[in-house]
Amino acid sequence: MDTLCSLSGLDPLWDWNQTWYTHNPELSNCFQNTVLVWAPCIYLWVLSPFYCLHLYCHGRDRLPLSSLCSAKLLLGFFLASFGFVEFFYILLERRQEIQQHLVFLLSPIIRSLTVALAVCVIHWERVRGCRSSVFLFFFWLLGVVCSLIPLHAKVQLALDQGLSPDIVRYLAFFSYFALQLAQLFLSSFADQAPSGKAVLKNACPVQDASFLSKILFWWFSGLVFKGYRSPLQAEDLWSLREEDTSEKIISDLEEEWTAERTKLQQQENHLSTSIALGSRLPEQAQFLRKIQKEQSWGFCLLRTLARSFGHYFLNGTLCLMVHDAFMFSVPQVLSLLLGFMKDEDAPLWKGYFYASLMFLLSCLQSVFNHQYTYTCFTVGMRVKTAVMGLVYRKSLVVNSASRRTCTVGEIVNLVSADTQKLMDFVVYFNAVWLAPIEVTLCLFFLWQQLGPSALAGIATVIFIFPLNGFIARQRSKLQEIQMKYMDGRVKLMNEILNGIKILKFYAWEKAFLEQVLGYREKELKTLKKSQILYSVSLASFNSSSFLIAFAMFGVYVLIDDKNVLDAQKIFVSMALINILKTPLSQLPFAMSTTMQALVSLKRLGKFLCQDELKPDNVTRESFKSDVDGVVFENGTFSWSKDGPACLKSRISVRVPCGSLVAVVGHVGSGKSSLLSAILGETEKRSGAVSVKGSIAYVPQQAWIQNASLQDNILFGREKKESWYQRVLEACALLPDLDNLPAGDATEIGEKGLNLSGGQKQRVSLARAVCRKADMYLLDDPLSAVDAHVGQHIFNKVIGPKGILRDKTRVLVTHGMSFLPQVDLILVLVDGEISERGSYQELLNRNGAFADFIHTFASSERKECFSEASQRGSRRLSVRLSVTEYMPFSRDLSQEQLISGDTNSITIEPLPDSDEDHIPEDLGKLTKVDKARIGRVKLEMYIEYFRTIGLPLIVSIVFLYAFQQAASLSYNYWLSLWADQPVINGTQLNTDLKLGVYGALGFAQGIAIFGTTLAISLGCIIASRHLHLDLLNNVLHSPMSFFESTPSGNLLNRFAKEIDAIDNMIPDGLKMMLGYFFKLMEVCIIVLMATPFAAVIILPMAFLYGFIQVRLNLHLCSFYVATSCQLRVIRVDHNQTAYFPRFVATRWLGVNLELLGNGIVLAASILSVMAKGTLSPGMVGLAVSHSLQVTGFLSWIVRSWTDVENNIVSVERVKEYADTPKEAAWSIEGSSLPPSWPQKGTIEFQDYGLQYRKGLELALKGISVHIKEREKIGIVGRTGAGKSSLALGIFRILEAAKGQIYIDGINIAEIGLHDLRSRITIIPQDPVLFSGSLRMNLDPFDAYSDEEVWNALELAHLKDFVSELPDKLNHECSEGGENLSLGQRQLVCLARALLRKTKILVLDEATAALDLETDTLIQSTIRSQFEDCAVLTIAHRLNTIMDYTKVIVMDEGHIIEMDSPSNLIAKRGQFYYMCREAGLL
């Protein structure tokens, strides 16, 4: 190169005296005309083939020729032409001495050819759909940077000599530079999208952003300024990019996971086979194998996630490595700057050069750091989406045995808590392996500064690492224990919310409250231990920089008096130690997060590897009308692999297509199990099951969504009006629609809470009919409806003339009246088919079925209205049934009656006022979580800190101030030490200096421990109070609250919100306060060193304050506004809100860190300017601390937004404090006798009841006296007010007027628990809780085992319970799902028999029982409650014909009351009801 330059008469390529050791540095002409010209050309020629190949392999749709692309091509043409012009100019002007101008001749032609290549690349990018080119951006940037020095030289030369000597080359160069700048400017923009491509509504702008906009997050600015102008709403959120949608992510991962899981199962099967062939493993070996198996599930899931998302994660890792390179460069430049300050003869330009270089490196460090974080959060978001999708899909296909081990609460925790742990793992995992490398590099550079004394730092690190490793392991174990307690608490809360009505009826709230608090105390105790360990860990890590410095400096000055600590050694070492703090502080968190993630991976893997419903349980074939629809061949079935058979004796059945089959039998005989076997939900032990065509299933307990009535029926299918209306009419739903506030658009509450049992079952049936399936499995759908309604549905839907007459129907029923019309009857006894045949065939056999029919036929004759009675003396009023407490604008408390002839039905007209004024929220029931707009109120912070307590808060603030004062003192002490003059090669009083330094540092460490522990304990105190208040508020709420508040919202309060209060808020507060005080310390140090810096720092502080207080608060408002979006299970909705949230943090972080880097530049430049007056020690102190400002600003923003976002959890938990509450559970000083009620007399005095203020009374002027030992039957059409009487007696609803007296005491004047615990109800819906059978009977342990067994015997459950392995300790699954519906009802009867109070209310309690069991129950009630007052709300009139009195109700009035015989003799309403039921 020197030869080529010398031929052209130029200086050598490089001359240090000209470039570095001078007051006016310049690069040689040779360097300017060769290296600076050729460097961009080499970059483009070497990399363009690879780039073009990449575009070829990953190209998209061709882009249109836009004005931007045209401008780039045109500028490229001009740039290339300038090079050729310069080439020909030199060729013509200097042809005589061409050899002396070879460099000037070659450079333009190389440059022009390179630009021509760039033009080709621009065109190729357009063809392959590349809208923003990173590759060409760097080419133009490199070109501009390399042209800056020649530009400066040419400008200087022009100023000295003028333009005249070589004006063409000057103009060519200046024009070329201007066009390069223009190309760089144009490369900062993205080209337009391909035409014809579908554009998403409110598409994410990142897809249209250029490379520069992406790395600086400028594409996010539009949303920021939109939020600045007006509060952001959920509608302002962008649509998800295709690669972020759950459909794309989950489908891709599910493929990978299925393959991985199959491979794992094959390995396990092979291992199981090997063990089976050998001897039985000892217990310890089995336990170890179980642990290994669970771990392999977790690693299997991890491998799957790595394959799906690993490549994108590696891009982020690359950014992190580049960031680290810049991070380690900064202390080296600082060393050069301090060397410059010490060298009195050093030229001033070097100081400015070092200051600018430090600023540039800091800016690049910020950019790459935020790109890494953005990438990790994006991957974390996708991982969370993918795993949530897998868990949700898995929950739909797990088999019955697995479902018992995975409760709803546990699955909620998997979806919310464990997926979040995985996301944290993605974000912080790199610190696990990179932190040790960073520590090693720091120690290497420290060795360069301090020599072997750096080994003392290594020893300190070696001490800190095992300590924190031990703490991380202990915290991981504690985390696992805490999660177990949290799972138990959330599971219990889920059951409480699902069975809250039963809890209130039985006054069991206190018992369950104590259970929840028991879990909570254990959870907080574990959390407290974990936080104490965490405080030790944080104190050791936050003090680590001091401990390392103290050890190294102490050893350095003590081993040799000649070792002098000057500013360069101290502050470069401190800068390296501050870098060291980052990996040391991240490492425990990363290790803890990794440990937690491994636990979560194990939990998730275990759930995702649970046994699924086997596809081969049932052979599914396409529908053929000429073959059997269902075929059982020698089938034996059980609910689990190892459990007892629920269907045995090798069942063989053939059901012809289009036939109607009835399945009958006693409670627990296996009727529902038979349907489950057809659905494939049981384990097939032997035999085969074959099903032809599609299946629709109607369960025994209707499943209703919180959606409109129409949505519940159509269930996502297209609405065909004629078929839809036909289905509604057949399922007897048309009268309901006429009376619903918004027709079929009326919102139905969770689990159908605003529908009666009969309505829910009819909606469930309508949904199945709409399905138009080939086969219908109907699990006793007629038990919940009145007899005449059941007859209507059978005739119109199920029976031989119903709309399903051509379909295969399998009907489980207890109704004898339908059996003569079915094609085949299967009689089940103890899981075996004892008899089969048509109705007549079974009667002719005179077997058990015939005996049963003869015994009970008189009580269950065909129930239908004759035409005469329909059009006779009475007019049927049709009213809607919406059972309780609904916030509709009209009375929805009564249900329609359905007769055989729907034309005869008359509908009561609504009052004119209702029609004139229809509210906007008509038909709405539940209250959705509303997004909060604006900042969280200051009162919420005050409320939170008030629960912590003022003394603790004062202590925390004092400890923080003391800790930073100690830090400031020992840093300033170091600067004084560095500036101490060296006498005879040594510094004086080093022992004293080291002692003071050590004392101040250890004082800071103790203060850090005290601070973190005080915050942790204070936040645990606050969390305990908030949870207790929430629990009390919820349990003291009336039933109307639970029916208008979705249980998912409430469960979220107890799970995610409490978890945020437990963990997120304390961590956020520690971080925010810690970094705020550290920032104050840095500002004080910089101002101490260079007071003139106030001129720069103060405007920057105001600018920072503006961004922080104005824009950041709008972002915080946005975080808060989207908080309820983030708490829904719909994954895409969740991520739509989450994605802009973390991008907002990155946008703010980049901008604030660039601002913070300005402080680095200011401190450096001002130090250079004040070189003669500032000591190196103060410069080192100021600059080394200013380097930390960018990190502090970023963490303050992050922690503030975290606290602001998570304090919403406090607001959401506190919002139930102001909701209406029930009356007091007990009244202090009450004079209620302990044995009350002794007689059981009940007196209603002009009693009225309404479901909500403003609605019509549901009970109107009820006055009745019930004497002791009287048996009262309460009858009436559904919705006439029967159940309302029970609600009034138990004060589930308070009286609107009048009083109820029990044994002469007004029940409104006593505590709710005093009332409810002294009377008993057997409710319509039997609810059991997970736990032992004994706990479900006696949660307070108030009765002996003998009394419990006696109650079970009287409830006809003793034989069943005796056969269970654990007897009374038999574990009931969630909701009692491992017992049949009838058995659950018998458990409720046993509860009543155990309590045996003087008043018993039966609310249609035997509707789910077969007739024989019903008869046994009625006889038990008559004998065991002979001396009690019994009120029976009856479906089956035969059960109350021997009662003392019958109350007939209609529209909230008592219209008849007398003995059954007298009422029949009067030929009133009761007489007609008995006739219709076939009892007369």
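Because only heavy atoms are used, hydrogens play no part in the values below, and waters and symmetry mates are left out as well, while side chains stay in.
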Verify side chain to side chain contact (heavy atoms under 4.5 Å, CB included) between I1321 and I502, making sure each step is shown before the conclusion.
CA-CA 9 Å; I1321 187 171; I502 298 302; over 6 Å; no
Which is it for M1039 and L1287 under the side chain to side chain contact (heavy atoms under 4.5 Å, CB included) test, yes or no, and what are the steps along the way?
CA-CA 11 Å; M1039 280 303 302; L1287 298 177; over 6 Å; no
Side chain to side chain contact (heavy atoms under 4.5 Å, CB included) evaluation trace for Y485 with T526:
CA-CA 9 Å; Y485 290 138; T526 310; 3.7 Å; yes
Going through the checks in order, is the side chain to side chain contact (heavy atoms under 4.5 Å, CB included) test met by Q531 and L1017?
CA-CA 8 Å; Q531 288 294 341; L1017 295 179; over 6 Å; no
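Between H1036 and W1225, the ring-plane angle classifies as parallel under the 30° and 60° cut-offs.
Ion pairing between R520 and E523 holds under the 4.0 Å rule for side-chain N and carboxylate O. Ion pairing of R946 with E943 is present here, as a side-chain N (NZ or NE/NH1/NH2) and a carboxylate O approach within less than 4.0 Å. A salt bridge links R1024 to E521: at least one charged side-chain nitrogen sits closer than 4.0 Å to a carboxylate oxygen.
Listed for the K394 side chain is a donor-acceptor partner under 3.5 Å among the backbone atoms of L608. Side-chain atoms of N1206 never come within 3.5 Å of backbone atoms of M1064 as a donor-acceptor pair (strictly under, hydrogens ignored). For S1023 (side chain) and C1019 (main-chain N/O), no donor-acceptor pair under 3.5 Å exists by modelled atom type. Remark: side-chain polar atoms of E1347 are paired, donor with acceptor, to backbone N or O of S1344 under 3.5 angstrom. A side-chain donor-acceptor contact under 3.5 Å links K504 to the backbone of L1035. Side-chain N or O atoms of K384 include none that pairs as donor or acceptor with a backbone N or O of M423 at under 3.5 Å. S676 contributes a side-chain N or O that, together with a main-chain N or O of S672, makes up a donor-acceptor pair within less than 3.5 Å. When atom types are taken as modelled, the side chain of Q1385 and the backbone of P1323 share a donor-acceptor pair closer than 3.5 angstrom. In this structure, the side chain of T1045 does not engage the main chain of F1042 through any donor-acceptor pair within 3.5 Å. A donor-acceptor pair under 3.5 Å links the side-chain atoms of N1033 to the main chain of D1029, judged by distance alone.
The side-chain tip of R1391 points at the ring of Y506 from less than 6.0 angstrom away and within 45° of straight on. By the 6.0 Å and 45° rule, R475 stacks over the aromatic ring of Y534.
Note that CG of L1315 and CZ of F1290 are 7.5 Å apart. Values are rounded to the nearest 0.5 Å. A distance of 7.5 Å separates CD1 of I496 from CZ of F1329, quoted to the nearest 0.5 Å. The distance from the CD1 atom of I704 to the CD atom of Q761 is 8.5 Å, given to the nearest 0.5 Å. The CZ atom of F1041 lies 9.5 Å from the CD1 atom of I500; values are rounded to the nearest 0.5 Å. Note that the NE2 atom of H1025 and the CD1 atom of I948 stand 10.5 Å from one another [nearest 0.5 Å]. Rounding to the nearest 0.5 Å places CG of N1336 at 11.5 Å from CG of L1368.
Y519 OH: 12 or fewer foreign heavy atoms inside a 6.0 Å radius. Annotation for K529: atom NZ does not count as buried by contact number, only 12 or fewer foreign heavy atoms lying within 6.0 Å. The environment of K1221 atom NZ is dense: over 12 non-hydrogen atoms of other residues, nucleotides or ligands sit within 6.0 angstrom.
Between I1319 and L1400, every side-chain heavy-atom pair lies at or beyond the 4.5 Å cut-off. Side-chain contact between V397 and R393: absent, with no pair of heavy atoms (C-beta onward) separated by less than 4.5 Å. Under the 4.5 Å side-chain criterion, counting only non-hydrogen atoms from C-beta, K602 is not in contact with V599. A 4.5 Å side-chain heavy-atom check between R603 and K606 finds every atom pair outside the cut-off. Between D1341 and R1334 there is a side-chain heavy-atom pair separated by less than 4.5 Å. No side-chain heavy atom of P1220 sits under 4.5 Å from any side-chain heavy atom of S1037. Taking 4.5 Å as the limit, some side-chain heavy atom of L1026 sits within range of a side-chain heavy atom of Y944. Side-chain contact between I411 and F607: present, with at least one pair of heavy atoms (C-beta onward) separated by less than 4.5 Å.
Of all the heavy atoms in I1310 and I1227, the pair that sits closest is C-CD1, 3.6 Å. In terms of heavy atoms, D418 sits closest to S600 at OD1-OG, 2.7 Å. Of all heavy-atom pairs between L422 and L604, the closest is CD1-CD1, 3.7 Å.
In summary, the side chains of D1059 and N1063 do present a donor paired with an acceptor at a separation below 3.5 Å, with no hydrogens or angles considered. A donor-acceptor contact closer than 3.5 angstrom links the side chains of D424 and Q420. Side-chain polar atoms of H1313 and E509 form a donor-acceptor pair below 3.5 angstrom.
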